[in-house]
Protein chains: 4
Amino acid sequence: MVGGVQGERRDQLVAAAFRRVAEMGFEGLRLRQVAEDVGIDHSTLHHHFATKQDLVGAVAEYTTRHFWAAAPQSAEPAAALREHLAALRRMIEDRPDLLVVTAELDLRGRRDPAVAAAMEHHEAGWREVLTGVLAAGAAQGVWARPVEPVVATELVIATVKGVRLTPRVAAQAFEQLEALLIGGASGNAEGERQ
Amino acid sequence: MVGGVQGERRDQLVAAAFRRVAEMGFEGLRLRQVAEDVGIDHSTLHHHFATKQDLVGAVAEYTTRHFWAAAPQSAEPAAALREHLAALRRMIEDRPDLLVVTAELDLRGRRDPAVAAAMEHHEAGWREVLTGVLAAGAAQGVWARPVEPVVATELVIATVKGVRLTPRVAAQAFEQLEALLIGGASGNAEGERQ
Amino acid sequence: MVGGVQGERRDQLVAAAFRRVAEMGFEGLRLRQVAEDVGIDHSTLHHHFATKQDLVGAVAEYTTRHFWAAAPQSAEPAAALREHLAALRRMIEDRPDLLVVTAELDLRGRRDPAVAAAMEHHEAGWREVLTGVLAAGAAQGVWARPVEPVVATELVIATVKGVRLTPRVAAQAFEQLEALLIGGASGNAEGERQ
Amino acid sequence: MVGGVQGERRDQLVAAAFRRVAEMGFEGLRLRQVAEDVGIDHSTLHHHFATKQDLVGAVAEYTTRHFWAAAPQSAEPAAALREHLAALRRMIEDRPDLLVVTAELDLRGRRDPAVAAAMEHHEAGWREVLTGVLAAGAAQGVWARPVEPVVATELVIATVKGVRLTPRVAAQAFEQLEALLIGGASGNAEGERQ
DNA sequence: GATGAATGAGATTTCATTCAT
DNA sequence: AATGAATGAAATCTCATTCAT
């Protein structure tokens with residue numbers, strides 16, 4: 001072990017693969033380039049990942065892992081939702097690569113069970129958190145209109161996925177969603193728009 | 001000319017390519033297979049499309065063209081919106097291939113200017129129609145809450161894009177969106193869910 | 001017959017092919033481009049030349065035909081030789097394409113009997129003329145040193161072929177050859193050099 | 001590494017490519033055949049030479065390298081020239097392939113800078129050697145007629161290039177050249193002719 | 001863990017040629 | 001004479017993967 005930490009090379013490779021996917025899509029992912037980016041021979045890459053699919057699976061985990069940072073912290077439902085959407089908006093703006101790769105993974109998951117599993121796991125966690133927040137809010141009657149938590153969860157998730165690739169419109173969509181769910185923000189959120 | 005109709009072969013090739021993309025993604029698009037699907041030699045394909053990109057560009061047009069069918073007809077804003085979402089929900093359920101390819105195209109457009117142009121053209125038309133409907137509704141005060149048409153348009157588009165790949169949850173997201181925008185349907189639209 | 005003159009298209013095609021060979025070598029000769037240069041469909045070219053080889057054969061004839069212009073006119077041997085070399089030097093400088101294609105043809109002739117025949121015919125005529133001049137000069141004792149016409153012919157031909165591709169040094173080589181054969185020019189031909 | 005010697009495969013490939021060019025010209029150079037000749041898969045060839053041009057460049061070096069063997073050794077100018085021409089005549093007769101490929105390279109160099117550079121380097125060395133010999137001879141007054149070394153060099157090079165493809169006439173041209181430059185041999189060297 | 005050579009399957013593209021119209 | 005569609009052979013190059021060292 002040269003680096004001293006086990007799996008360091010592995011991590012470097014995953015990060016490099018992630019970067020390549022963000023830039024060129026899975027269509028343009030080349031193991032040789034990934035190895036080169038890390039500074040090792042391309043055949044050495046196979047010591048860490050037996051097949052390309054294995055590496056792709058690791059990229060899926062690596063990518064989804066970052067989204068835990070967007071989990072809401074606040075105990076108050078309306079604040080938690082606002083917080084969550086704000087965190088996601090920041091990610092969309094600051095780390096578009098993460099969102100692009102998520103979109104790539106959703107498509108890739110259609111043909112790659114390992115990726116599908118990783119994405120489902122990721123979404124399951126997300127759904128759970130969101131449904132919790134929405135249910136709490138419903139129980140406390142904080143939403144502008146009565147919503148069914150499970151159903152509203154899908155709308156929130158859909159909205160996020162729908163603006164993944166277009167940071168330009170993310171703020172608007174989120175703002176409108178908040179306005180409809182939480183209310184009161186409909187006409188006074190101009191400062192948020194770009 | 002075997003079929004006698006000009007460009008028939010071209011159309012067949014585009015349709016075949018579309019099918020392959022729907023199944024395997026652009027990642028898995030192979031000109032040889034496309035030609036085989038149509039029953040011609042793969043070198044003849046280059047007689048109709050000089051490069052792969054040209055074929056892909058044609059697929060982009062072919063795909064987006066189908067979405068005109070989902071344009072709302074009704075003159076009444078609330079009905080038009082409902083109609084539009086219903087039509088889209090039907091497409092998502094009956095023609096998942098169209099939606100999948102749209103998602104593929106959005107990603108491909110990031111590296112292929114011809115595709116990007118086709119998608120932007122498509123979206124511009126969609127935006128225009130939606131904003132028209134939403135503005136009309138706002139003028140007539142039919143929405144549950146005051147909305148800014150341009151902003152709400154982004155939410156609708158995002159929602160559609162967000163459920164493109166998951167017919168399973170499309171109905172729920174659309175139902176919630178309608179409930180929030182039009183009102184009255186909140187929680188009692190279980191009949192729509194599968 | 002559109003052009004009114006029989007074989008006009010044929011001639012155009014040969015000329016276009018010649019130009020392509022001059023530019024890109026036989027390596028880069030493409031029937032499609034030749035047809036395009038002339039403004040006809042590439043399959044129409046086959047009405048004029050059944051195969052590529054046929055066209056190449058025609059190019060060989062076309063090219064060698066131009067060299068009759070360099071045949072010496074003068075009756076006086078020394079003047080005839082000088083005249084001949086001067087004419088060739090002018091061709092090398094003004095029509096490098098002709099010389100380049102000749103070099104291409106010499107190589108191509110190694111694998112293409114039709115080309116080989118054309119080139120041999122061309123060289124046979126050249127040899128005859130040159131040997132005639134050199135023999136006449138020998139009979140009249142005009143050469144600086146006694147030469148055997150047939151042998152000296154080879155030296156002259158070799159010299160010309162040897163500078164075919166390098167107009168830059170053609171004058172020098174010819175000047176030196178004249179100086180050795182005719183004499184007297186060894187030190188006073190500076191005006192000829194570039 | 002099978003052979004144990006670094007670059008052995010590379011050398012084999014260059015030699016095989018050289019042979020193919022000698023036989024079929026650059027026009028007929030096929031990487032697949034070259035690889036086959038050496039007994040490796042054609043894709044492995046790309047491991048050693050990234051592109052065809054790279055291989056062609058190596059062939060240029062390989063070919064020109066052989067001509068050092070024809071450099072004159074003798075210190076005496078007339079002997080050195082005679083020696084040089086004799087060595088070249090032997091090469092033309094014994095290794096016509098080397099001369100043919102040189103002719104191919106001169107033509108290819110018109111479109112391939114790497115080849116052009118190799119050929120120019122080769123010729124520069126040749127010119128230097130020849131001019132040295134001719135200058136020494138001029139200083140010692142050993143030539144039949146006063147010659148300017150740089151100019152005469154071009155005549156010698158042109159003559160060699162001019163008979164490259166026709167071993168049949170090489171002896172005659174060289175003999176005549178020697179006779180004119182060195183003198184004394186004019187017309188009585190029949191023994192050399194075939 | 002790392003390397004370089006090798007593989008084999010395959011991808012896009014090119015091109016001379018043919019054929020029906 | 002001309003065209004456009006089609007063909008099939010082939011060419012260069014790519015890439016994931018394997019193996020011996």
Side-chain angles (χ1 to χ4, degrees), chain A residues 1-3 6 8-10 28-35 38-56, chain B residues 1-4 6-10 28-35 38-55, chain C residues 1-3 6-10 28-35 38-56, chain D residues 1-4 6-10 13 28-35 38-55:
Chain A
M1 230 173 306
V2 172
Q6 213 208 358
E8 192 183 347
R9 261 293 143 78
R10 235 187 105 92
L29 179 61
R30 301 288 174 258
L31 296 191
R32 222 173 281 240
Q33 283 183 320
V34 171
V38 165
I40 64 173
D41 191 90
H42 69 278
S43 44
T44 303
L45 184 149
H46 286 278
H47 283 282
H48 300 276
F49 298 96
T51 71
K52 190 178 187 177
Q53 260 207 348
D54 292 349
L55 176 59
V56 168
Chain B
M1 230 177 303
V2 172
Q6 212 209 0
E8 192 185 345
R9 261 296 143 78
R10 241 185 102 94
L29 179 61
R30 299 291 172 254
L31 298 189
R32 212 181 289 242
Q33 286 183 322
V34 171
V38 165
I40 63 173
D41 191 275
H42 70 279
S43 53
T44 303
L45 186 151
H46 283 92
H47 189 63
H48 299 276
F49 296 96
T51 70
K52 190 179 187 177
Q53 258 208 353
D54 290 349
L55 177 58
Chain C
M1 230 175 306
V2 172
Q6 212 207 1
E8 189 182 352
R9 262 293 143 79
R10 235 186 106 91
L29 178 61
R30 300 290 172 257
L31 295 191
R32 223 174 279 240
Q33 283 183 321
V34 170
V38 164
I40 64 173
D41 191 90
H42 68 278
S43 44
T44 303
L45 183 150
H46 285 278
H47 282 283
H48 299 276
F49 297 95
T51 71
K52 192 179 188 179
Q53 260 206 349
D54 291 348
L55 176 59
V56 168
Chain D
M1 228 177 302
V2 171
Q6 213 209 358
E8 192 185 347
R9 260 296 142 78
R10 242 185 101 92
L13 287 166
L29 179 61
R30 300 291 171 252
L31 297 190
R32 212 180 288 243
Q33 286 183 322
V34 171
V38 164
I40 63 173
D41 191 274
H42 70 279
S43 52
T44 304
L45 185 151
H46 283 93
H47 189 63
H48 299 277
F49 296 96
T51 70
K52 190 178 186 177
Q53 259 208 352
D54 290 350
L55 177 59

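Per chain, numbering begins at 1; letters A, B, ... match sequence-line order.
- If you measure from atom CD of D:Gln33 to atom P of F:dA9, you get 16 Å, rounded to the nearest angstrom.
- For the OP1/OP2 pair of E:dA6 and a distance below 4.0 Å, the side-chain nitrogens and oxygens of D:Arg9 include at least one atom meeting the criterion.
- Base pairing analysis places E:dA11 opposite F:dT12; the two distances defining the Watson-Crick or G-U wobble pair are each below 3.5 Å.
- Here the P atom of nucleotide E:dA11 and the CG atom of B:Leu55 are 15 Å apart, to the nearest Å.
- Across all strands shown, F:dA1 forms no Watson-Crick or G-U wobble pair with both distances under 3.5 Å.
- The two residues C:Leu29 and C:Lys52 make their nearest non-hydrogen contact at O-NZ, 3.0 Å.
- With values rounded to the nearest 0.5 angstrom, D:Arg10 atom CZ is found 8.0 Å from D:Asp54 atom CG.
- Rounded to whole Å, atom P of E:dA16 lies 14 Å from atom CD1 of C:Ile40.
- You'll find that the side chain of D:Arg30 is closest to F:dT12, out of E:dT17, F:dC15, F:dT12.
- Side-chain contact between D:Ile40 and D:Leu13 is present, with heavy atoms from C-beta onward closer than 4.5 Å.
- Within the model, atoms CD of C:Gln33 and CG of C:Leu45 stand 12.5 Å from one another, a figure rounded to the nearest 0.5 Å.
- C:Thr44 has a side-chain polar atom (N or O) that falls below the 4.0 Å cut-off from OP1 or OP2 of F:dT3.
- The phosphate of E:dA2 (OP1 or OP2) has no side-chain N or O of A:His46 nearer than 4.0 angstrom.
- At E:dC15, none of the side-chain N or O atoms of C:Arg32 fall inside 4.0 Å of OP1 or OP2 (strictly under the cut-off).
- Across the protein-nucleic acid pair, D:His48 atom NE2 and F:dT12 atom P stand 17 Å apart, rounded to whole Å.
- Mapping C:Gly39 and D:Leu31 onto DNA chain F via the closest heavy atom, the residue that lands nearer the 5' end is C:Gly39.
- The base of E:dT3 does not come close enough to the side chain of A:His42 for any donor and acceptor atom to sit less than 3.5 Å apart.
- To the nearest 0.5 angstrom, A:Thr51 atom OG1 is 8.5 Å from A:His46 atom NE2.
- Between C:Leu45 atom CG and E:dT17 atom P the separation is 9 Å, expressed in whole Å.
- No N or O donor and acceptor, one from the side chain of D:His47 and one from the base of E:dA6, sit under 3.5 Å apart.
- Distance, C:Asp41 CG to E:dA20 P: 17 Å, rounded to whole Å.
- Across all strands shown, E:dA16 is found opposite F:dT7 as a Watson-Crick or G-U wobble partner, with both distances under 3.5 Å.
- C:Leu29 comes within 4.0 angstrom of sugar-phosphate atoms only, judged by non-hydrogen atoms across all strands, and of no base.
- Remark: P of E:dA11 and NZ of B:Lys52 are 9 Å apart, rounded to the nearest angstrom.
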